Amino acid sequence: MLSKLACTAVALLALSGCAIRQNVKPVERFDSKVVCIVDNSSVRASFMDAYERALTNKGYAVKKLASGSSLVECPVTSTYTATWRWDLAMYMAYAEIVVYKNAKPAGKATYDATRGGGNMGKFIAAEKKITELVDQLFPNLAGS
């Protein structure tokens, strides 16, 4: 009986190390229909493309800002970062999108599969995950 309990505990501990975490604090409604995104040249260009498409589908206009731009250049500004890893195939291991209103944090979405280990859920298409994060981060359509 004790050995079964020990095996179960070890299995649960091992599985908890394979967790994928996602946390989203949605933004409040914005009067602005424009979201400025500060370019992050250290992230694959496909991330910015997917982020822009997801915002456009929600009715927002996107203005791209150069890397290092100030958060006060627009009423609503966003930054992002993401990393990819190799484990049988390339996958997006981490993504974070932060939205600022008047240079103050207004919302944040984080996806973290860095401890995904044997969890096959980490192999989700990056664009699909980015769209999901944007849909949760911006729960309302632009101007509504």
Side-chain angles (χ1 to χ4, degrees), residues 5-144:
L5 185 59
C7 286
T8 302
V10 169
L12 287 174
L13 184 62
L15 288 175
S16 69
C18 297
I20 296 174
R21 292 180 175 82
Q22 182 168 311
N23 187 31
V24 179
K25 180 192 174 279
V27 300
E28 301 282 326
R29 187 181 82 74
F30 294 128
D31 293 331
S32 176
K33 289 188 177 187
V34 177
V35 176
C36 296
I37 304 175
V38 178
D39 182 50
N40 184 341
S41 58
S42 66
V43 175
R44 294 175 175 208
S46 60
F47 188 100
M48 170 68 109
D49 295 340
Y51 186 20
E52 181 178 8
R53 251 188 314 281
L55 283 172
T56 301
N57 289 341
K58 305 259 327 157
Y60 289 94
V62 172
K63 179 180 177 184
K64 296 178 185 177
L65 301 177
S67 181
S69 293
S70 171
L71 297 176
V72 298
E73 288 193 39
C74 299
V76 178
T77 308
S78 180
T79 59
Y80 63 92
T81 191
T83 57
W84 275 256
R85 288 188 177 171
W86 174 263
D87 182 9
L88 303 175
M90 288 297 288
Y91 68 98
M92 187 173 69
Y94 183 84
E96 180 179 87
I97 301 170
V98 182
V99 180
Y100 302 87
K101 182 176 182 183
N102 300 320
K104 294 183 177 121
K108 182 177 180 178
T110 305
Y111 169 77
D112 187 352
T114 57
R115 295 182 180 187
N119 188 330
M120 300 312 258
K122 67 186 177 187
F123 294 113
I124 189 167
E127 182 162 355
K128 182 177 177 183
K129 180 51 68 178
I130 294 162
T131 300
E132 178 184 318
L133 292 172
V134 170
D135 285 346
Q136 292 176 14
L137 186 58
F138 294 85
N140 301 311
L141 296 175
S144 60

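Since the structure is predicted, the reported quantities are computational estimates derived from the model, not experimental observations.
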Minimum heavy-atom distance [X]-[Y], with the two atoms named:
X	Y	result
Trp84	Ala126	CZ2-CB, 4.1 Å
Ala109	Val24	CB-CG2, 3.9 Å
Val72	Ala103	CG1-CB, 3.6 Å
Lys108	Leu137	N-CD1, 3.4 Å
Leu71	Thr77	O-OG1, 3.1 Å
Val76	Ser32	CG2-CB, 4.1 Å

Can you check whether [X] reaches [Y] side chain to side chain, under 4.5 Å on heavy atoms?
X	Y	result
Asp31	Lys33	no
Asp39	Tyr80	yes
Asn40	Thr79	no
Leu65	Cys36	yes
Tyr51	Thr56	no
Val134	Ile97	yes
Gln136	Gln22	yes
Phe138	Val35	yes

salt_bridge(Lys101, Glu28) N-O dist < 4.0 Å: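 No.
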Lys63/Glu73 ion pair, N-O < 4.0 Å: no
Reported [atom1]-to-[atom2] distance for the pair [X] and [Y], which is rounded to 0.5 angstrom:
X	Y	atom1	atom2	answer
Leu55	Ser78	CG	OG	7.5 Å
Asn23	Leu133	CG	CG	10.5 Å
Ile130	Met92	CD1	CE	5.0 Å
Tyr100	Cys74	OH	SG	14.0 Å
Phe47	Glu52	CZ	CD	13.0 Å
Thr110	Glu96	OG1	CD	4.5 Å

Evaluate the criterion ring pair (Phe, Tyr, Trp, His ring centres under 6.0 Å) for residue pair Tyr111 and Tyr94; output intermediate values, then yes/no. CA-CA 6 Å; Tyr111 169 77; Tyr94 183 84; 8.4 Å; no
